[in-house]
Asker: 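Sharing a structure below in structure tokens format, with a few things to ask.
Quick note: numbers below take in every heavy atom, side chains included, and nothing from hydrogens, waters or symmetry partners.
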Amino acid sequence: QVQLVESGGGLVQAGGSLRLSCAALGRTFSTTVMGWFRQAPGKEREFVARITWSLGTTYYADSVKGRFTISRDNAKMTVYLQMNGLKPEDTAVYYCAASNTYNAVNPGSYNYWGQGTQVTVSS
């Protein structure tokens with residue numbers, strides 16, 4: 001099994017930056033893609049970004065493109081989400097997830113989930 005541990009959330013002002021980390025532990029050989037999702041109060045969980053372990057191919061939601069950067073360190077089995085130019089609408093609980101589906105974007109395609117880390121952006 002795979003265990004995902006997130007960290008790096010916090011409270012920042014609009015325009016600020018945060019860097020989230022997600023460490024993958026256990027049997028990660030079956031995972032192909034790591035993704036970041038977020039869920040705001042009263043809203044469904046939405047896709048933010050994903051990255052492949054093999055080539056580091058990235059894909060972003062339009063709402064964060066140009067502001068967020070996803071990266072990975074295969075040796076450390078850790079995925080990062082650098083968030084710049086944060087906006088109040090970015091406020092949410094952010095989750096990292098692992099999938100064995102290459103083009104996974106839907107939450108249902110991800111097999112393992114972290115517990116989430118709170119990101120709050122004040123106006």
Asker: Using atom types as modelled and distance alone, determine if a side-chain donor or acceptor of S63 lies under 3.5 Å from a backbone N or O of A61.
Answerer: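 No; judged by distance alone, with no hydrogens or angles, the pair does not exist.
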Asker: List in chain and number order the residues that pass salt bridge (Lys or Arg N to Asp or Glu O under 4.0 Å) with E46, two or more places apart in sequence or in another chain; answer none if no residue qualifies.
Answerer: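 For E46 the salt bridge (Lys or Arg N to Asp or Glu O under 4.0 Å) partners, ignoring immediate neighbours, are R38.
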Asker: Please check this pair: side chain of E6 against backbone of C96, looking for a donor-acceptor N/O pair closer than 3.5 Å.
Answerer: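 Between the backbone of C96 and the side chain of E6 there is a qualifying donor-acceptor contact (under 3.5 Å).
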Asker: Determine which pairs satisfy ring pair (Phe, Tyr, Trp, His ring centres under 6.0 Å) with at least one residue from residues 57-84, sequence neighbours left out, and list them in order.
Answerer: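 Checked against ring pair (Phe, Tyr, Trp, His ring centres under 6.0 Å) - neighbours excluded - the pairs reaching residues 57-84 are F47-Y59.
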Asker: Checking I51 against T57 for the side chain to side chain contact (heavy atoms under 4.5 Å, CB included) test, could you report, in this order, the C-alpha distance in whole Å, the side-chain angles of both residues, the deciding distance, and whether it holds?
Answerer: CA-CA 5 Å; I51 188 169; T57 302; over 6 Å; no
Asker: Would you tell me whether T31 and N100 have side-chain atoms, one donor and one acceptor, within less than 3.5 Å of each other?
Answerer: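 Not at all, the side chains of T31 and N100 share no donor-acceptor pair under 3.5 Å.
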Asker: If you define the side chain from C-beta out and look only at heavy atoms, does anything of M83 sit under 4.5 Å from Y94?
Answerer: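 Of all side-chain heavy-atom pairs linking Y94 with M83, at least one is under 4.5 Å.
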Asker: Evaluate the side chain to side chain contact (heavy atoms under 4.5 Å, CB included) criterion for residues W36 and L20: first the C-alpha distance (whole Å), next the side-chain angles of each, then the deciding distance (0.1 Å), finally the verdict.
Answerer: CA-CA 10 Å; W36 284 100; L20 306 182; 3.7 Å; yes
Asker: Check whether any side-chain heavy atom of V33 sits under 4.5 Å from a side-chain heavy atom of T101, and report yes or no.
Answerer: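 A side-chain contact is absent here, since even the closest heavy-atom pair is not under 4.5 Å.
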Asker: Should the pair K65-D62 be classified as a salt bridge under the 4.0 Å nitrogen-to-oxygen rule?
Answerer: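 Salt bridge: yes.
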Asker: Has the side chain of T117 got a donor or acceptor atom that lies under 3.5 Å from a matching backbone atom of G9?
Answerer: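 Indeed, once roles are kept as given, a pair shorter than 3.5 Å links the two residues.
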Asker: Side chains of Q118 and T120: donor-acceptor distance under 3.5 Å anywhere?
Answerer: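 Side chains of Q118 and T120: pair found under 3.5 Å.
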Asker: Are N74 and W53 packed together at the side-chain level, in the sense that at least one heavy-atom pair is separated by less than 4.5 angstrom?
Answerer: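 The answer is yes, as the side chains (C-beta and beyond) meet within the 4.5 Å cut-off.
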Asker: Determine whether a donor-acceptor pair (N or O, by modelled atom type, separation under 3.5 Å) exists between the side chain of Y110 and the backbone of A104.
Answerer: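 Checked: pair present.
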Asker: Give a yes or no on whether the backbone of G85 and the side-chain of R67 come within a donor-acceptor separation of less than 3.5 Å.
Answerer: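 Yes; judged by distance alone, with no hydrogens or angles, the pair exists.
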Asker: With no hydrogens and no angle check, is any side-chain donor or acceptor of D73 less than 3.5 Å from a backbone partner on A75?
Answerer: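 Yes; judged by distance alone, with no hydrogens or angles, the pair exists.
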